Every structure is written in C-alpha cells, then in structure tokens.
Colleague: 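My questions will all concern the structure given below.
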There are 2 protein chains.
Amino acid sequence: MRIGELAERAGTTTRTLRYYESLGLLPARRTGNGYRSYDEDDLRLLQQIRTLRDFGFELEETRPFVECLRSGHPAGDSCPASLEVYRRKLAELDECIGRLSAIRERVGTQLDQAERARARLEAAATAPERAPEPRCELTPPGP
Amino acid sequence: MRIGELAERAGTTTRTLRYYESLGLLPARRTGNGYRSYDEDDLRLLQQIRTLRDFGFELEETRPFVECLRSGHPAGDSCPASLEVYRRKLAELDECIGRLSAIRERVGTQLDQAERARARLEAAATAPERAPEPRCELTPPGP
DNA sequence: GTAGACCTTGACCCCGACGTCAAGGCCAGA
DNA sequence: TCTGGCCTTGACGTCGGGGTCAAGGTCTAC
C-alpha cells in the first residue's frame, strides 16, 4: 500500500509517516516510480508507535518496541529493552504525578486562603512562598 | 535600580526581564540614557511572576496576579480574576493527574503482563489497546 | 584616556512532533 | 489530452521561555 492509505488506516498523516521515516523509525520500501510502499507488518509497527505515543511515550522511547516487533517477536513488549522502557516510564509517571499532586495541594491552599481573605474583606497576606523546583508540563494537548 | 540588579535580586536573568517587558508583563521606566529603571514594587511584581511560574503557571496566567498587585492590592491573589485562574489551574491539575494516573495504571498492567509472559517463556499477546486520547506532557524539566 | 562593567537593540538558536506550503513527477479516467 | 488526485523532496513555521551572540552606547575608576 502507499503512504496515503497507510496514514489513513492508522489514523495519522502522511507527514507523520515521512517524519518517522526520517528518524529511521519506520523505513519504507520504494516502488519503481519512487513511491513509498508499505505492507501489513508496517501497519502493525505504526500502530505500536501510535499506541505508545498515546501513552505519552516520546518517539525515541518507542524504538525498542518497534525493533522488537521487527525482529519477529509477537509483541513489541516481548523484549527486555521494551520492559526497561516501561519501567523507566512508570518511574517518570510516578514522579510527575507526585509533583503535580504537591502543587495541587499548594494551589488549593492558596485559593482557600485567598477566598477566606476576600470573604473577611481583609487584605490577603504576602505572595505565596517560593516552591523549590516543581515543574511538570501541564499544558493540555494542542488542537 | 537597573536591570542587572533586579535580575540578580529576583534570581533570574536580564534576558528574562526583557522578555517579560516584550510581553507587556513587566514594563520598565527609562532613565535619561535609555537604561531601564525599576523600583521595589517591580521587584514584588517580578517575585509574583516567578512564584507562579514555579507552580507551573504559564506566563499569561500570571497576568491577572500582576495586574492585581499593580492596581494596589496587597496580594496578587486578592482579585477575582486571580482566583479564577487558581480554580482553572486546580481543574487542570486534577485532570492532568487523573490522566497520568490512568496511564500509569495501564503501563503498569502492560509491564506485568509482559513480564509474566516472558517468565512463562510464552509469546506475549498482541499490541496494547489504543488509549482514547490521554496526553499530558510527561517530559521532565529541561536542564 | 582608557579599561571594564554595565547597558541597549536585534537576531538567531533550542526542544519535539509534526503542519503547511511550494514546485514538480506519476498515473488513471473521460 | 487534460484534469485531478495521488506522490516526491525541501524548506520554513509553530509553541514557550528564554539562551546566546554581536555591535555598539554609557558610566565609573584609575
């Protein structure tokens, strides 16, 4: 199948497939006229990539899974390297959730205090204290 | 005081202050020779901005707090607009934490299954199911 | 008068994962 | 033959929050 069909079947765009190819993540064979040519196995690789991306994996982190599938394993996570990525991701998720929860706590406290201050029609205290270094990206997915 | 001193006292850089000025977030007066000139109030505004940024607020989200302080209120969160931002942020945090927790769950499950499959020396099942649309940025803060 | 420590604006660079042209090649149907 | 729909490569834009020059102006101390 050609690039347009693969993109459609995987629910993505041709631009994305060319980008993956440029990373060496999903190389394509070529037909006589230079068109990219894909088969059902490529679709499976692509689905693996998209699935992991939906889980918040970076593209580079999907590479072990793709390699694993390509080397004949039945699932992308049948290989040790993939399991290692899973574990790293779990740790990352835990840390991120922990940070966000701590911030949530502090923001909630600030809101409570500020609301009470307004309710009492009193001047609020000074600015909130400086947090040590809590940064996880919070921005929701772009349009 | 001039830009260098303000930057140092706030623990940031002159570049950052010029950037904030370009956004209209922290405008500066000018002395005769064109140098930027700041006072203690500007330091307070800047501290408010940095504090909120440490909480993961985007710069635009700090604007209501800064406006609030500039209009004479004792704290940046003394104004309704600021409280509104607090509430939005709380909702955002809750959603983000929820998403990440759900993903954590799924990744954990995947890992368990894959590990058990390997332990049994059996082939794992097919690729993990497609998640609906769970994207929070997970990347840790840059260096 | 001159070093050097500050300041000015302008411009380009970074990250990730693509989106969005632009200019042109290939192929099928009417 | 021509139109329209695919495909190709290449190059630039996006977003946030600044970093990092470069070329030059200003002030203070010696």
Side-chain angles (χ1 to χ4, degrees), chain A residues 1-38 42 46 48-63 66 89 92 133-143, chain B residues 1-38 42 46 48-63 66 89 92 133-143:
Chain A
M1 92 192 84
R2 292 180 306 183
I3 193 170
E5 186 183 345
L6 178 59
E8 192 171 1
R9 288 181 62 185
T12 181
T13 69
T14 61
R15 176 68 179 95
T16 296
L17 299 189
R18 291 194 194 98
Y19 179 57
Y20 291 175
E21 181 175 7
S22 80
L23 298 177
L25 200 54
L26 190 69
R29 286 153 298 281
R30 301 294 180 125
T31 61
N33 56 19
Y35 286 13
R36 289 172 178 81
S37 170
Y38 302 90
D42 291 319
L46 180 52
Q48 173 75 83
I49 297 171
R50 300 306 294 180
T51 298
L52 292 173
R53 258 205 51 85
D54 287 341
F55 277 100
F57 286 54
E58 292 169 25
L59 284 177
E60 280 310 317
E61 293 177 320
T62 73
R63 206 179 283 273
V66 177
K89 208 67 190 179
E92 210 177 292
E133 263 228 28
R135 294 304 313 284
C136 276
E137 305 305 326
L138 306 180
T139 26
Chain B
M1 90 192 85
R2 292 181 304 183
I3 193 170
E5 185 182 345
L6 178 60
E8 193 171 2
R9 288 181 61 184
T12 181
T13 69
T14 61
R15 175 69 178 94
T16 295
L17 298 189
R18 292 194 193 99
Y19 179 55
Y20 290 175
E21 182 175 9
S22 80
L23 298 178
L25 200 55
L26 189 69
R29 286 153 298 282
R30 300 295 179 125
T31 61
N33 56 18
Y35 286 12
R36 289 172 178 82
S37 170
Y38 302 91
D42 291 318
L46 180 51
Q48 174 74 83
I49 297 171
R50 300 305 293 181
T51 298
L52 292 173
R53 258 206 52 85
D54 287 341
F55 277 99
F57 286 55
E58 291 169 26
L59 284 177
E60 280 311 315
E61 294 176 320
T62 72
R63 207 179 282 272
V66 176
K89 207 67 190 180
E92 209 177 293
E133 263 228 28
R135 292 306 313 282
C136 276
E137 304 305 325
L138 306 179
T139 26

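Here is how names work: the chains are called A, B, and so on, in the same order as the sequence lines, proteins then strands, and each is numbered from 1. Nothing here was measured: the structure is a model prediction, and the numbers come from that model.
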Colleague: Which letter, B, S or -, goes with each nucleotide of nucleotides 21-28 of chain D from 5' to 3', with contact meaning a protein heavy atom under 4.0 Å?
Modeller: ----BBS-
Colleague: Hey, is CD on E5(B) packed in by over 12 heavy atoms from elsewhere, all under 6.0 Å?
Modeller: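 Yes.
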Colleague: Check the distance between dG17(D)'s C1' and L52(B)'s CG and give it to me in whole angstrom.
Modeller: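 From L52(B) CG to dG17(D) C1': 16 Å.
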Colleague: Starting at atom CG of L17(B), determine the distance to atom P of dT20(D), rounded to an integer number of angstrom.
Modeller: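 It works out to 16 Å between those atoms.
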Colleague: R30(A) CZ to dC26(C) P: how many Å, rounded?
Modeller: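 Value for this atom pair: 14 Å.
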Colleague: Residues two or more places apart in sequence or in another chain: which of them pass side-chain hydrogen bond (donor to acceptor under 3.5 Å, both in side chains) with Y38(B)?
Modeller: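 Result, side-chain hydrogen bond (donor to acceptor under 3.5 Å, both in side chains) vs Y38(B): none returned.
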Colleague: Quick one: Y19(B) OH to dC15(D) P, roughly how many Å, whole number?
Modeller: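 Distance, rounded to whole Å: 11 Å.
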Colleague: Quick one: side chain to side chain contact (heavy atoms under 4.5 Å, CB included) partners of R2(A), sequence neighbours excluded?
Modeller: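 Side chain to side chain contact (heavy atoms under 4.5 Å, CB included) list for R2(A), sorted by chain: Y35(A).
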Colleague: Look at R53(B) and dG17(D) and indicate whether a side-chain polar atom (N or O) is within less than 4.0 Å of OP1 or OP2.
Modeller: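 Yes, such a contact exists.
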Colleague: Does T16(B) have a side-chain nitrogen or oxygen under 4.0 Å from the phosphate oxygens OP1 or OP2 of dG19(D)?
Modeller: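 T16(B) to dG19(D) OP1/OP2: side-chain N or O found under 4.0 Å.
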Colleague: So does Y20(A) get a side-chain nitrogen or oxygen closer than 4.0 Å to the phosphate oxygens (OP1/OP2) of dC18(C)?
Modeller: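 The answer is yes; a side-chain N or O of Y20(A) sits under 4.0 Å from OP1 or OP2.
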Colleague: Of the candidate nucleotides dC7(C), dT8(D), dC18(C), which contains the atom at the shortest distance from the side chain of I3(B)?
Modeller: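 Per side-chain heavy atoms of I3(B), the pick is dC7(C).
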Colleague: Return the value, rounded to whole Å, for the distance between atom CG of L46(B) and atom C1' of dG17(D).
Modeller: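 Interatomic distance, CG of L46(B) to C1' of dG17(D): 14 Å.
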Colleague: Just checking R18(B): base, sugar-phosphate only, or nothing, at a heavy-atom cut-off of under 4.0 Å?
Modeller: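 Counting heavy atoms under 4.0 Å across all strands, the contact made by R18(B) includes a base.
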Colleague: Quick check on the helix from dG1(C)-dC30(D) to dA30(C)-dT1(D): what's the angle between its two end axes, five base pairs per end, to the nearest 10°?
Modeller: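 The two end axes of the helix from dG1(C)-dC30(D) to dA30(C)-dT1(D) meet at 40°.
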Colleague: Would you please confirm or rule out a distance under 4.0 Å between OP1 or OP2 of dG19(D) and any side-chain N or O of T13(B)?
Modeller: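 So the side chain of T13(B) is within the cut-off, an N or O lying under 4.0 Å from OP1 or OP2 of dG19(D).
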Colleague: Grab the CG-C1' distance between L25(B) and dG18(D) for me, whole Å please.
Modeller: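 My rounded result for the distance is 14 Å.
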Colleague: Within this structure, what is the CZ-to-P distance between R29(A) and dC7(D), rounded to whole angstrom?
Modeller: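 Computing the R29(A):CZ to dC7(D):P distance gives 16 Å.
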Colleague: If the condition is side-chain hydrogen bond (donor to acceptor under 3.5 Å, both in side chains), which residues does E21(A) pass it with, not counting sequence neighbours?
Modeller: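 Applying side-chain hydrogen bond (donor to acceptor under 3.5 Å, both in side chains) to E21(A) gives R30(A), R36(A).
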Colleague: Who are the side-chain hydrogen bond (donor to acceptor under 3.5 Å, both in side chains) partners of T31(B), not counting sequence neighbours?
Modeller: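 T31(B) satisfies side-chain hydrogen bond (donor to acceptor under 3.5 Å, both in side chains) with N33(B) only.
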